[in-house]
Chemist: 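Before I ask anything, let me first share the structure, which is written out below as structure tokens.
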Amino acid sequence: MSLVLGIETSCDETGIALYCSERGLLSHTLYSQINLHQLYGGVVPELASRDHLRRIIPLISECLKKAIKTKHDIDVIAYTAGPGLNGALLVGAGVANGLALALGKPVIPIHHLEGHILSPLLCDPTLKPPFIALLVSGGNSQIIVVNDIGDYIILGDTLDDAAGEAFDKSARLLDLPYPGGKYLADLAVKGKDIYKLPRPMLHSKDLNFSFSGLKTAVVLLVNKIKSEQELTLEIKQNIAASIEAAIIDVLVAKATTALKQSNIKQLVVCGGVSANLTLRRNLDKLEGIKIFYPPLDLCTDNGAMIAIAGCMRLQSQQTDYGFSVKPRWLLLPQAV
Ligand code: KG4
């Protein structure tokens with residue numbers, strides 16, 4: 001039995017978790033810096049690093065307390081080594097390695113995207129490779145074949161804006177708070193897809209994504225409506241529903257193609273956008289495919305996904321002990 005401490009500090013969430021190889025997730029603590037960055041409409045790297053420094057130790061203490069454990073019970077420390085913001089990553093790496101040295105325990109550097117990919121295991125341990133992963137977050141839209149832990153092939157990637165970015169930038173045009181994905185989704189609930197926005201690359205032969213054209217279409221639509229009438233709540237709801245439908249149609253179509261082409265019957269949907277309930281409802285209609293999602297509160301960045309990825313690496317004896325951060329770490333092998 002191993003107790004893994006997971007540490008996530010790649011961007012604007014300080015996430016800590018304790019994962020037990022036999023009993024699963026024992027506790028997790030999270031501090032989101034959203035309020036700190038909201039004023040700027042995006043993450044300010046220096047502010048992010050300083051805030052991680054302020055939060056990380058109290059969050060580790062709270063996490064241990066919640067699980068009724070002490071630091072001496074920890075067997076391994078897993079931390080996000082990349083990709084992410086350099087300064088923010090260094091805070092997590094520094095604390096992980098310092099603590100490991102003091103306790104005489106090993107550390108495992110984890111790829112942030114591997115954490116997302118394995119996050120559905122937190123609620124369904126029956127998930128076993130091979131599976132297709134649709135990874136949709138603020139910075140990534142990727143379709144990946146997961147043959148085994150550490151054996152990944154990227155089939156499709158974002159050429160410009162990621163799915164979460166498309167939600168966030170569109171939400172901003174509707175004067176919604178940052179990050180706007182959840183607010184836009186809430187607004188869309190009472191709206192209708194009446195504007196029929198473009199579905200970028202829906203019929204392209206490959207599995208890549210491109211959402212920057214959609215953003216331009218939203219700008220043009222909003223400006224046109226504003227020049228003719230006031231942007232009422234009803235209009236905003238319909239615009240939100242139209243944006244959401246356009247993004248989801250593309251995600252569902254590409255995931256379906258990947259499943260057909262690979263003849264794999266399991267799909268993992270992960271990353272912040274996997275919290276979108278309309279996306280989940282649409283994917284759930286796929287016949288003959290078993291779909292795995294992370295728990296709703298663990299779709300965005302958190303320490304639990306890093307802890308479980310550390311545990312999986314440990315069990316498959318694929319560990320790479322040592323101090324490192326890789327702000328531009330690719331989930332190798334390269335895209336095909
Ligand atoms: O995984 P995550 O924390 O980011 C990265 O690691 O990059 O995901 C954050 C993204 C944001 O773009 C946010 O707007 C989006 O996930 N998001 C959503 C929803 N909840 C979060 N997008 C659509 N619908 C949601 N319910």
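Counting starts at 1 for both ligands and their atoms, following the listed order.
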Chemist: Locate the shortest heavy-atom distance separating Arg199 from Leu197; write the atom from each residue and the value.
Modeler: NH1-O, 2.7 Å
Chemist: Answer yes if the side chains of Ser212 and Asp161 hold a donor-acceptor pair under 3.5 Å, and no otherwise.
Modeler: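 Ser212 vs Asp161: no donor-acceptor pair found between side chains.
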Chemist: Is a side-chain donor or acceptor of Lys254 paired with a backbone partner of Asn208 at a separation under 3.5 angstrom?
Modeler: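 Yes; at least one donor-acceptor contact below 3.5 Å.
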Chemist: Could you say whether the N/O atoms of Pro179 and ligand 1 ever approach to under 3.5 Å?
Modeler: no
Chemist: State the atoms of ligand 1, each with its element, that fall below the 4.0 Å cut-off from a heavy-atom position in Asp168.
Modeler: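 Per the distance check, 11 (C), 12 (O), 13 (C), 14 (O).
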Chemist: Just distances here: any N/O of Glu13 and N/O of ligand 1 closer than 3.5 Å?
Modeler: no
Chemist: Going by the side-chain contact (heavy atoms from CB on, under 4.5 Å) test, name the single residue among Ile117, Leu267, Asn147, Ile291 that passes it with Phe131.
Modeler: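 Running side-chain contact (heavy atoms from CB on, under 4.5 Å) over Ile117, Leu267, Asn147, Ile291 with Phe131 returns exactly one hit, Ile117.
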Chemist: Quick one: does His116 get within less than 4.0 Å of ligand 1, heavy atoms only?
Modeler: yes
Chemist: If I apply the N/O under 3.5 Å rule, does Asn276 come out as touching ligand 1?
Modeler: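 There is such a contact, yes.
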Chemist: Does Asp301, backbone or side chain, put an N or O under 3.5 Å from an N or O of ligand 1?
Modeler: yes
Chemist: Starting from atom 4 (O) of ligand 1, locate the nearest protein heavy atom and write down its residue, its atom name and how far away it is, to 0.1 Å.
Modeler: Gly138 N, 3.3 Å
Chemist: Could you tell me, atom by atom, which parts of ligand 1 come under 4.0 Å of a heavy atom of His112?
Modeler: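 Selected atoms, number and element: 6 (O).
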Chemist: For the 3.5 Å polar cut-off, considering only N or O atoms, please tell me whether Phe167 and ligand 1 meet it.
Modeler: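 Looking only at distances, the answer is no, because the N/O contact criterion of under 3.5 Å is not met.
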Chemist: Heavy-atom count around Gln317 CD within 6.0 Å, excluding the residue itself: above 12?
Modeler: no
Chemist: Is the side chain of Asn140 donor-acceptor paired with the backbone N or O of Gln142 at a distance under 3.5 Å, no angle test?
Modeler: no
Chemist: Measure from the side-chain N and O atoms of Thr9 to the backbone N and O of Thr14, and report whether any donor-acceptor pair falls under 3.5 Å.
Modeler: no
Chemist: Closest heavy-atom contact between Tyr79 and Gly92?
Modeler: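 The pair with the smallest heavy-atom distance is CB-O, 4.3 Å.
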Chemist: Backbone N or O of Ala48 within a donor-acceptor pair of the Gln33 side chain at under 3.5 Å?
Modeler: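 Side chain of Gln33 to backbone of Ala48: a pair is present.
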Chemist: Counting from 1, what ligand 1 atoms have a heavy atom of Gly164 closer than 4.0 Å?
Modeler: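 So the answer, numbered in order with elements, is 12 (O).
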Chemist: Is there any N or O on Gly181 that sits under 3.5 Å from an N or O of ligand 1?
Modeler: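 Among all N and O atoms of Gly181, at least one is under 3.5 Å from an N or O of ligand 1.
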Chemist: What residue and atom, counting heavy atoms only, is the protein's closest point to atom 8 (O) of ligand 1, and at what distance?
Modeler: Gly272 CA, 3.2 Å
Chemist: Would you say ligand 1 has an N or O under 3.5 Å from any N or O of Gly139?
Modeler: yes
